[in-house]
Amino acid sequence: MLSDHLQVFDFNKKLKSWYLQNHRPLLWRQTSDPYKIWLSEIILQQTRVAQGTPYYEKFISDYPTVFDLAAADERDVLRLWQGLGYYSRARNMHFTARQIVAEFEGKFPQTAVQLAKLKGLGNYTAAAIASFAFGEAIPAIDGNVYRVMARLFGIFTDTLSNEGKKEFAAVAVQLVSHEDPATYNQAMIEFGALQCVPVAPDCKVCPFNDICYAFKFDMQAKLPVKTKKAAVRNRFFNYFILQKGDQLAMQERKGKDIWKGLYDFLMTESTELVDSPDVFFDDIVMYNILSKGRIREIPKVYQHLLTHQRLNVRFWWVDIPMNSDINLPEGLYFYSPEEIHSLPKPILVDTVLREEDYL
DNA sequence: TAATCGTGGGT
DNA sequence: TACCCAAGATT
């Protein structure tokens with residue numbers, strides 16, 4: 001551990017020097033506008049820079065200010081977010097934009113404590129905005145920073161445990177620069193992202209290989225310590241794409257399951273793969289719907305991987321005659337191709353519709 | 001508090 | 001292939 005102020009001062013000096021020579025010219029670093037910084041931080045949660053960058057550009061273009069975002073429909077915000085995943089980020093961001101306009105006249109709170117009260121902002125994001133936009137001397141500890149600290153100082157406490165968070169935070173508070181906290185936080189994050197990478201870091205060229213615990217004891221692969229993930233569970237979805245003319249029946253997903261707020265089709269979930277449409281007719285509700293139309297061929301199985309789920313999905317296309325008086329279940333409506341294009345959809349649904357040349 | 005929330009890239 | 005992981009937050 002860095003035991004005194006002189007060592008901390010020296011560490012910060014070398015870190016900043018490394019940063020000034022090696023950092024990437026990322027768009028959201030060219031501004032001190034808290035709205036843009038906030039937007040970038042939400043987008044980058046659990047998301048790679050390469051994947052998030054085009055979304056950042058789209059959002060800044062469509063919603064240049066917090067007022068523009070607040071004035072938007074949630075559906076359009078989700079549509080712009082489509083493909084990024086973790087859609088609660090978009091819903092919370094939209095909610096918070098409206099709160100900032102309604103309660104704070106469009107101005108962001110300026111301290112991490114105040115920022116952390118907003119929906120979608122936890123300790124990390126609040127600290128990041130507070131330091132980047134307002135110069136607060138508070139450490140912003142993301143996954144990169146956990147990794148850097150764990151390796152440098154040989155901290156084996158689980159970074160995701162409460163104990164670990166306290167321990168790492170205590171060390172980080174000692175390290176953070178009070179002269180230039182914004183650059184310090186950017187530098188720690190960038191150092192983790194570029195130099196102290198998760199797999200096979202090139203420690204020969206690391207400016208800290210003289211003091212690094214992990215390098216000294218060859219423990220780079222063991223640090224940081226993280227709890228292992230829960231097992232992936234298998235789920236079996238049967239989607240029914242009811243098509244009437246050029247319109248498809250879609251519905252907004254509700255509840256606590258995946259893809260809340262996005263649009264998909266009539267669906268049943270089963271405990272195993274369904275190979276014949278016969279079983280669907282056992283359910284009276286499904287019978288009443290399916291008997292109004294004609295099921296096409298038995299569709300292929302798509303496997304769609306989420307962090308904790310493996311979805312095995314069949315899309316059963318059902319042609320409904322134009323003169324049918326079919327009554328759709330609650331929440332299900334026919335939409336035109338143009339409307340469907342503008343609806344936010346899970347990437348799997350979007351992919352299938354494109355494959356069928358529908359979108 | 002441990003489980004859950006997406007998607008895509010890398011190995 | 002199967003697994004890891006990526007500027008975390010919420011419940």
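Just so we're on the same page: letters track the sequence lines, and every chain starts at 1. These numbers come from a predicted model, not from an experiment.
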Atom-to-atom span, CG of A:Leu84 to P of C:dG8 - whole angstrom: 13 Å

With nearest nucleotides of DNA chain C determined for A:Lys119 and A:Phe132 from heavy-atom distances, which residue corresponds to the more 5′ nucleotide? A:Phe132

Co-members of the apolar cluster containing A:Leu223 [side chain, <4.5 Å]: A:Phe156, A:Tyr213, A:Phe217, A:Met219, A:Val225

Separation of C:dA9 P from A:Tyr124 OH (nearest whole Å): 8 Å

Enumerate the residue pairs fulfilling salt bridge (charged side-chain N to carboxylate O under 4.0 Å, His left out) with a member in residues 272-284 of chain A, sequence neighbours excluded, ordered by first and then second residue. A:Asp275-A:Arg314

Measure from NZ or CZ of A:Lys345 to the centre of the six-membered ring of A:Tyr263, then state whether that distance is under 6.0 Å and the direction lies within 45° of the axis. no

Which pairs count as salt bridge (charged side-chain N to carboxylate O under 4.0 Å, His left out) when at least one residue sits in residues 57-83 of chain A, sequence neighbours excluded? none

With sequence neighbours excluded, what pairs up with A:Glu167 under the salt bridge (Lys or Arg N to Asp or Glu O under 4.0 Å) test? none

Please state the C1' separation for the pair B:dA3 and C:dA7 - nearest whole angstrom. 22 Å

Please state how far atom OH in A:Tyr184 lies from atom P in C:dA7, giving the value in whole angstrom units. 16 Å

Under the ring pair (Phe, Tyr, Trp, His ring centres under 6.0 Å) test, residues paired with A:Tyr19 that sit two or more places apart: A:His23

In residues 48-60 of chain A, which residues come under 4.0 Å of DNA chain B by heavy atom? A:Arg48, A:Gln51

Of A:Asp257 and A:Val199, whose nearest nucleotide on DNA chain B comes first from the 5' end? A:Asp257

Which residues in residues 344-359 of chain A have a heavy atom closer than 4.0 Å to any atom of DNA chain B? A:Pro346, A:Ile347

Whole-Å gap separating P (C:dG8) and CD1 (A:Ile129): 13 Å

All pairs passing salt bridge (charged side-chain N to carboxylate O under 4.0 Å, His left out) where residues 207-219 of chain A contributes a residue, at least two apart: A:Lys14-A:Asp210

Among A:Asn327, A:Asp319, A:Asp325, find the one that has a side-chain hydrogen bond (donor to acceptor under 3.5 Å, both in side chains) with A:Lys292. A:Asp325

Looking at residues at least two apart in the chain, or sitting in another chain, which of them share a ring pair (Phe, Tyr, Trp, His ring centres under 6.0 Å) with A:Tyr302? A:Phe315

Can you check the A:Asn92 CG to C:dT10 P distance for me, whole Å? 6 Å

Side chains of A:Leu262 and A:Val349 in contact at under 4.5 Å (non-hydrogen atoms): no

Expected list for residues 168-177 of chain A: side-chain donor-acceptor pairs under 3.5 angstrom, two or more places apart:
from	atom 1	to	atom 2	distance (Å)
A:Ser177	OG	A:Glu179	N	3.2
A:Ser177	OG	A:Asp180	N	2.9

In this structure, how many angstroms lie between the C1' atom of C:dC4 and the CG atom of A:Leu305, rounded? 13 Å

Between A:Gln45 and C:dG8, is there a side-chain N or O to OP1/OP2 distance below 4.0 Å? no

At the 4.0 Å heavy-atom cut-off to chain A, mark where contacts on DNA chain B begin and end, going 5' to 3'. B:dT1 to B:dG9

Report yes if a side-chain nitrogen or oxygen of A:Thr125 is closer than 4.0 Å to either non-bridging phosphate oxygen (OP1 or OP2) of C:dA7; otherwise report no. no

Would you kindly give the CZ-to-P distance between A:Phe95 and C:dA9, to the nearest whole Å? 17 Å

List the atom pairs, with distances to 0.1 Å, where a side-chain N or O of residues 127-136 of chain A and a protein N or O form a donor-acceptor pair under 3.5 Å, not counting sequence neighbours.
from	atom 1	to	atom 2	distance (Å)
A:Ser131	OG	A:Ala127	O	3.3
A:Ser131	OG	A:Ala128	O	3.3
A:Ser131	OG	A:Asn185	ND2	3.0
A:Glu136	OE1	A:Ala112	N	2.9

